[in-house]
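What you see below is based on every heavy atom in this structure, not just the backbone, and it leaves out hydrogens, waters and symmetry mates. Order of listing sets the numbers, starting from 1, for every ligand and every atom in it.
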Amino acid sequence: MKTTAKAPANIALIKYWGRKNETLRIPANDSLAICLDKSFTLTTVEFREDLEKDRVFIDKKEAIEKEKERVVKHLNKIRKKAGIKFFAQVVSKNSFPAATGLASSASGFAALTLACSKAAGLNLSEREISRLARLGSGSACRSIPDGFVYWHGGNSDRNSYAYSLYSHLYWGLRDLTIIIQKEKKKISSTKGHQLAFQNPFLKSRLKLVKENLKKIKKAFKNKDFSLLGKVIESEALSLHSVMLTSQPALIYWQPATLAIIHKVIDLREKGEIESYFTIDAGPNVHLICQKGQEEKLKKEIQKINGVKKVVINKPSVGARLINKHLF
Ligand code: PMV
């Protein structure tokens with residue numbers, strides 16, 4: 001049976017960096033993210049008797065060996081779980097450039113897991129799908145539930161999964177995804193996670209994460225935007241402190257990254273627009289603002305040298321099946 005899933009990317013406000021267990025992708029800490037409506041992956045999967053190997057296409061091109069290997073590994077896990085032996089045809093399409101720190105692996109593996117498990121005849125709960133998606137890419141587990149999601153890091157395969165903390169309708173926040181670079185990053189986040197545990201600064205970061213998690217939960221409960229903003233900037237800067245001091249150093253920022261940071265602080269200080277930045281493993285920046293401010297903010301940001309594209313996202317529902325297939 002042909003099955004298609006649509007899964008949102010998610011932007012972590014409290015990030016995951018470093019793993020307690022590499023194979024199971026058990027994170028060093030809990031994380032919290034927003035699913036994004038305009039940044040998503042569509043994936044169609046079909047297991048077929050006539051195929052002699054798996055065929056994987058991403059954004060209209062046959063997947064390169066390394067990408068394919070990762071997808072096939074994931075397919076093997078699902079085949080084993082479902083007790084089937086057929087090879088699959090997988091066609092996937094991203095609404096944004098892949099592997100630039102825009103969470104393509106998150107939405108990609110979330111869509112693949114949902115489509116594939118259904119196509120294989122499995123009937124899994126949301127929690128099981130989140131756990132399974134985590135094995136493909138850690139942050140993919142957060143692209144399964146609805147809206148504002150929390151990844152309980154846990155310490156085993158069973159208790160490491162994401163769930164919805166609040167529905168996508170809970171708070172009218174907006175995410176501006178600012179694309180500076182469309183090219184793939186040189187060092188993958190998978191490699192970065194491995195480097196984190198050799199870094200003496202990780203310990204202080206994990207202490208700060210604990211405090212920031214408490215504060216951000218309070219900010220969500222009271223819809224306290226200023227507190228939320230303060231926490232997410234402190235969090236992103238602490239993540240990049242660890243990245244910058246890794247060996248080799250992970251210097252993801254570009255001049256435009258810094259220009260955006262300064263602009264955002266400036267707009268806030270002048271009392272013009274209240275928004276806050278966060279940055280993943282790449283040069284692109286995400287700005288969080290409240291509903292009604294997004295167009296004005298976009299106009300300001302577009303003036304900055306090096307900004308290629310600005311996408312406005314609303315909080316999104318989680319991964320779901322759709323009826324329109326890609327082949
Ligand atoms: O799931 P991965 O391996 O793509 O790692 C994601 C790492 C960050 O984007 C930097 C942080 C996060 O929690 O999304």
Practice problem: Output yes when Glu67 and Lys61 qualify as a salt bridge under the 4.0 Å nitrogen-oxygen rule, no when they do not. | Solution: no

For ligand 1 and [X], I'd like to know whether there is a polar contact (N/O to N/O, distance under 3.5 Å).
X: Lys15; result: no
X: Ser137; result: yes
X: His193; result: yes
X: Ser189; result: yes
X: Ser139; result: yes

Quiz item: Once the angle between the rings of Trp253 and His240 is folded into 0 to 90°, is it parallel (under 30°), tilted (30 to 60°) or perpendicular (over 60°)?
Solution: tilted

Quiz item: Taking the inter-plane angle between the rings of Tyr170 and Tyr166 on a 0 to 90° scale, is it parallel (under 30°), tilted (30 to 60°) or perpendicular (over 60°)?
Solution: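 If you compare the ring of Tyr170 with that of Tyr166, the planes turn out parallel.
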
Practice problem: Could you tell me whether ligand 1 has any atom less than 4.0 Å away from a heavy atom of Arg25? | Solution: no

Exercise. Check whether any heavy atom of Ser105 sits under 4.0 Å from an atom of ligand 1.
Key: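 Yes, Ser105 has heavy atoms under 4.0 Å from ligand 1.
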
Ligand-residue contact atoms, ligand 1 with [X], heavy atoms, under 4.0 Å:
X: Ala281; value: 10 (C)
X: Ala12; value: 12 (C), 13 (O), 14 (O)
X: Gly138; value: 1 (O)

Quiz item: Is the Tyr16 to Trp151 ring centre distance short of 6.0 Å?
Solution: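 Yes, they do, as the ring centres are separated by less than 6.0 Å.
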
Practice problem: Begin with the C-alpha distance, continue with both residues' side-chain angles, and end with the deciding distance and a verdict on side chain to side chain contact (heavy atoms under 4.5 Å, CB included) for Leu13 and Val231. | Solution: CA-CA 8 Å; Leu13 303 182; Val231 174; over 6 Å; no

Quiz item: Can Ser39 and Asn313 be counted as having a side-chain donor-acceptor contact under 3.5 angstrom?
Solution: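 Present: a donor and an acceptor within the cut-off.
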
Exercise. Sort out for me which residue in Lys270, Lys263, His262 forms a side chain to side chain donor-acceptor pair (under 3.5 Å) with Asp266.
Key: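 That would be Lys270; it is the only one of Lys270, Lys263, His262 passing the side chain to side chain donor-acceptor pair (under 3.5 Å) with Asp266.
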
